[in-house]
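For ligands, and for the atoms within them, numbers begin at 1 and follow the listed sequence. Count residues from 1 along the sequence.
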Amino acid sequence: MISAGSPLSAYKGVWVWIQIAQGEPYPPSLELLTVGRSVADRLKEELVALITGRGTEAHARTLAGFGCDRVVAVEHPLLESFSTDAHGKVLTDLILARKPSIVLYSASLEGRDLASVVAARTLSGLAADCTTLEVNEKGQLVQIRPDYGGKSLSAILTPKTRPQMATVRPGAYPRPAFNEARKAAIEVIIPDLRPEDIRVRPLKLEVRTTDTADVSQADILVVVGRGLRSKDNLHLAYELAEVLGGRVGATLSVVERGWLPSSFQIGQTGKIVAPRLYIALGVSGAIQHTVGMEGSKFVIAINSDPDSRIFTVADIGIVGDLFEIVPELIKRLKEYVQGKIDHEKITSLKASLPLREPS
Ligand SMILES: Cc1cc2nc3c(=O)[nH]c(=O)nc-3n(C[C@H](O)[C@H](O)[C@H](O)COP(=O)(O)OP(=O)(O)OC[C@H]3O[C@@H](n4cnc5c(N)ncnc54)[C@H](O)[C@@H]3O)c2cc1C
């Protein structure tokens with residue numbers, strides 16, 4: 001399928017596929033415009049936001065504000081809901097016709113699905129679940145992802161085929177700042193798409209979970225580990241998250257026990273998070289977990305084991321029983337929010353807690 005006569009140098013441009021979810025650009029795909037920008041600048045190539053769906057033009061100006069050079073809005077009623085067949089055909093046709101050097105997708109369910117189909121059809125390379133993207137001295141995309149249970153990082157190159165394609169974990173990069181004054185060329189394309197191109201069509205969309213909160217987008221996270229002992233104790237995490245205006249996340253151990261769904265999992269095989277505040281309750285801090293939260297701006301860890309690894313990544317470590325500390329913390333925070341506690345009292349509260357300096 002790939003045109004045999006095209007040298008690698010014929011491929012130009014960095015494309016970011018912008019997924020639409022619930023009628024809006026999916027935030028993790030906007031994050032890719034940050035790394036897309038730096039890669040495009042390094043290669044001195046154009047950064048293109050490629051949006052596929054229905055009503056795409058309405059989002060084009062927003063995408064321009066996030067700093068791309070061009071928005072390609074692929075508009076068709078058959079692209080209204082995600083389908084691998086429809087979106088796969090549209091992307092494959094465009095890639096074969098326009099020859100971008102790089103195509104990036106968010107590692108969402110849809111992004112992973114789509115990227116693998118497009119890679120197979122265009123015979124191009126695909127590195128899945130990357131956490132860092134760089135450009136080497138040869139101008140190749142270096143696609144870095146954790147491997148061997150998070151104990152090593154692999155750098156993957158696609159030296160022989162184009163485009164170089166990668167799915168990137170949500171939260172790996174911050175969303176670029178929005179600036180209304182930024183301008184981008186806007187191109188609307190109506191693809192050649194027919195109902196018979198789509199072999200599978202969803203008849204009904206049923207949301208099975210009541211909490212669809214995306215931990216990768218949370219500003220404040222209260223993360224629970226096996227130290228919570230039981231699902232029945234989750235209310236402690238939810239109460240703390242509520243009083244702080246945050247969300248609840250989890251380790252793999254918690255998900256494996258069925259206390260929370262896998263969408264809550266943070267780490268190597270879960271989501272990457274970078275909140276302003278990350279509070280770990282009974283989390284040991286295994287490397288497979290911390291690889292997903294190292295970008296957090298401030299980390300507070302509560303753990304009864306003074307030698308727990310979580311303290312090596314914590315700004316404040318509290319050695320103690322979470323069942324004693326968390327209810328007290330919730331009580332004091334509520335008093336603070338209600339104006340019943342002043343700063344002096346907070347200083348004395350801090351002094352009374354067994355705080356441990358980060359090592
Ligand atoms: C290939 C692979 C991929 C993996 N991917 C992930 C991943 O994406 N995310 C992830 O999280 N893990 C992942 N893991 C698992 C990881 O190695 C750890 O097993 C897991 O993170 C441990 O979870 P935990 O901290 O909840 O449990 P534990 O390691 O059992 O830690 C529980 C902690 O709670 C503390 N504690 C107990 N009681 C109390 C109390 N009353 N008060 C305060 N503290 C208390 C203990 O001191 C302990 O430190 C992966 C493993 C492999 C092999």
Side-chain angles (χ1 to χ4, degrees), residues 28 106-109 112 128-132 144-154 167-172 213-216 218 221-241 247-275 278-296 299-314 316-331 353-356 358-359:
S106 168
S108 61
L109 289 176
R112 289 171 202 226
D129 244 3
C130 297
T131 50
T132 309
I144 299 169
R145 48 156 293 148
D147 265 323
Y148 296 110
K151 291 192 174 67
S152 75
L153 291 172
S154 297
T167 60
V168 181
R169 281 210 213 159
D214 188 350
V215 288
S216 66
L221 269 177
V222 175
V223 178
V224 289
R226 193 153 66 97
L228 199 68
R229 286 191 205 143
S230 146
K231 189 176 182 167
D232 297 340
N233 298 322
L234 274 173
H235 66 94
L236 282 175
Y238 275 104
E239 272 178 58
L240 184 56
R247 287 180 183 167
V248 171
T251 64
L252 175 62
S253 300
V254 165
V255 170
E256 280 176 342
R257 280 165 180 74
W259 299 351
L260 284 169
S262 60
S263 57
F264 285 63
Q265 187 192 323
I266 292 157
Q268 186 202 327
T269 43
K271 303 254 171 73
I272 293 198
V273 298
Y278 177 104
I279 303 181
L281 310 180
V283 172
S284 62
I287 187 139
Q288 296 88 356
H289 180 77
T290 56
V291 76
M293 50 70 74
E294 282 162 346
S296 304
V299 177
I300 301 177
I302 302 174
N303 196 302
S304 51
D305 175 4
D307 297 320
S308 176
R309 189 178 179 276
I310 193 70
F311 291 131
T312 64
V313 294
I316 293 181
I318 304 173
V319 180
D321 185 348
L322 74 89
F323 297 102
E324 287 173 20
I325 295 165
V326 176
E328 187 64 16
L329 199 57
I330 294 167
K331 184 172 154 254
L353 286 172
L355 298 180
R356 176 189 155 116
S359 43

Undergrad: Numbering the atoms of ligand 1 from 1, which are under 4.0 Å from a heavy atom of V283?
TA: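 Answer, ordered by atom number: 25 (O).
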Undergrad: What part of I310, side chain from CB on, backbone N/CA/C/O, both or neither, has a heavy atom under 4.0 Å from ligand 1?
TA: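 Neither; no heavy atom under 4.0 Å.
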Undergrad: Do ligand 1 and G282 have nitrogen or oxygen atoms that lie under 3.5 Å from each other?
TA: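 G282 vs ligand 1: N/O contact under 3.5 Å present.
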Undergrad: Rounded to the nearest 0.5 Å, what separates atom CZ in R309 from atom CG in N303?
TA: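 Atom-to-atom, R309:CZ and N303:CG are 12.5 Å apart.
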Undergrad: Any N/O of L322 closer than 3.5 Å to an N/O of ligand 1?
TA: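 Yes, L322 has an N/O under 3.5 Å of an N/O on ligand 1.
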Undergrad: Nearest non-hydrogen atom to atom 49 (O) of ligand 1 belongs to which of D305, D307, N303?
TA: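 Nearest heavy atom to atom 49 (O) of ligand 1 lies in N303.
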Undergrad: Taking 4.0 angstrom as the limit and counting only heavy atoms of G225, give me the atoms of ligand 1 inside it, by number and element.
TA: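 That gives atoms 26 (O) of ligand 1.
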Undergrad: Would you check if there is a donor-acceptor pair between the side chains of R112 and S106 at a distance under 3.5 Å?
TA: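 The criterion, which ignores hydrogens and geometry beyond distance, is not satisfied for R112 and S106.
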Undergrad: Mark up the atoms of ligand 1 that fall under 4.0 Å of a heavy atom belonging to Q265, in ascending order.
TA: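 In order of numbering, the contacting atoms are 6 (C), 7 (C), 8 (O), 9 (N).
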Undergrad: So between G267, G285, S304, P146, whose heavy atom ends up nearest atom 39 (C) of ligand 1?
TA: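 Looking at heavy atoms only, S304 sits closest to atom 39 (C) of ligand 1.
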Undergrad: Can a donor-acceptor pair be found, under 3.5 Å and without considering hydrogens, that links the side chain of R247 to the backbone of A241?
TA: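 Not confirmed, R247 side chain does not pair with A241 backbone.
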Undergrad: Are any of the heavy atoms in D321 under 4.0 Å away from ligand 1?
TA: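 A heavy atom of D321 does come that close to ligand 1.
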Undergrad: Search all heavy atoms of D232 against all heavy atoms of S230 and return the closest pair with its distance.
TA: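 Minimum heavy-atom separation between D232 and S230: N-OG, 2.9 Å.
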Undergrad: Measuring from atom CG of L252 to atom CD of Q265, what distance do you get when rounded to the nearest 0.5 angstrom?
TA: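 These two atoms lie 4.5 Å from each other.
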Undergrad: Minimum heavy-atom separation for S253 and R257, please, with both atom names.
TA: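 Scanning both residues completely, I find the closest heavy atoms to be O-NH1, 3.0 Å.
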Undergrad: What atoms of ligand 1 come closer than 4.0 angstrom to any heavy atom of I266?
TA: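 Under 4.0 Å from I266, ligand 1 has these atoms: 7 (C), 8 (O), 9 (N), 10 (C), 11 (O).
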Undergrad: Going by the order shown, which atoms of ligand 1 are within less than 4.0 Å of some heavy atom of Q268?
TA: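 The list of qualifying atoms is 3 (C), 7 (C), 8 (O).
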Undergrad: Hey, what do you get for CD1 (I318) to CD1 (I302), rounding to the nearest 0.5 Å?
TA: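 These two atoms lie 4.5 Å from each other.
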Undergrad: Check contact between A250 and ligand 1, using heavy atoms of the residue and a distance below 4.0 angstrom.
TA: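 Outside the 4.0 Å threshold, so no.
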Undergrad: Would you mind running through ligand 1 and noting each atom that sits below 4.0 Å from a heavy atom of T269?
TA: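 Near T269, meaning under 4.0 Å from one of its heavy atoms, ligand 1 has 3 (C), 4 (C), 5 (N), 6 (C), 7 (C), 8 (O).
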Undergrad: Please check if the side chain of T167 supplies one atom and the backbone of D129 the other of a donor-acceptor pair under 3.5 Å.
TA: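 Yes; judged by distance alone, with no hydrogens or angles, the pair exists.
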Undergrad: Quick one: does S308's side chain have a donor or acceptor within less than 3.5 Å of a partner on S284's backbone?
TA: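 Such a contact is found between S308 side chain and S284 backbone.
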Undergrad: Hey, which atoms in ligand 1 end up nearer than 4.0 Å to a heavy atom of G320?
TA: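 Every atom of ligand 1 under 4.0 Å from some heavy atom of G320: 42 (N), 43 (C).
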Undergrad: With backbone taken as N, CA, C and O and side chain as the heavy atoms from C-beta onward, which portion of A286 lies under 4.0 Å from ligand 1: side chain, backbone, both, or neither?
TA: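 A286 to ligand 1: side-chain contact only, backbone stays beyond 4.0 Å.
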Undergrad: When you look for heavy atoms under 4.0 Å from ligand 1, do you find them on the side chain of S308, its backbone, both, or neither?
TA: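 Side chain only.
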Undergrad: What do you reckon, does R229 put a non-hydrogen atom under 4.0 Å from ligand 1?
TA: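 Contact check R229 vs ligand 1: positive.
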Undergrad: Would you check if the side chain of R169 reaches a backbone N or O of Q268 as a donor-acceptor pair within less than 3.5 Å?
TA: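 Looks like yes, one N/O pair under 3.5 Å.
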Undergrad: Within a distance under 4.0 Å of any heavy atom of F323, pick out the atoms of ligand 1 and give their elements.
TA: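 Checking each atom against F323, I get 41 (N).
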Undergrad: If you define the side chain from C-beta out and look only at heavy atoms, does anything of F323 sit under 4.5 Å from L236?
TA: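 In short, these two side chains touch, coming nearer than 4.5 Å.
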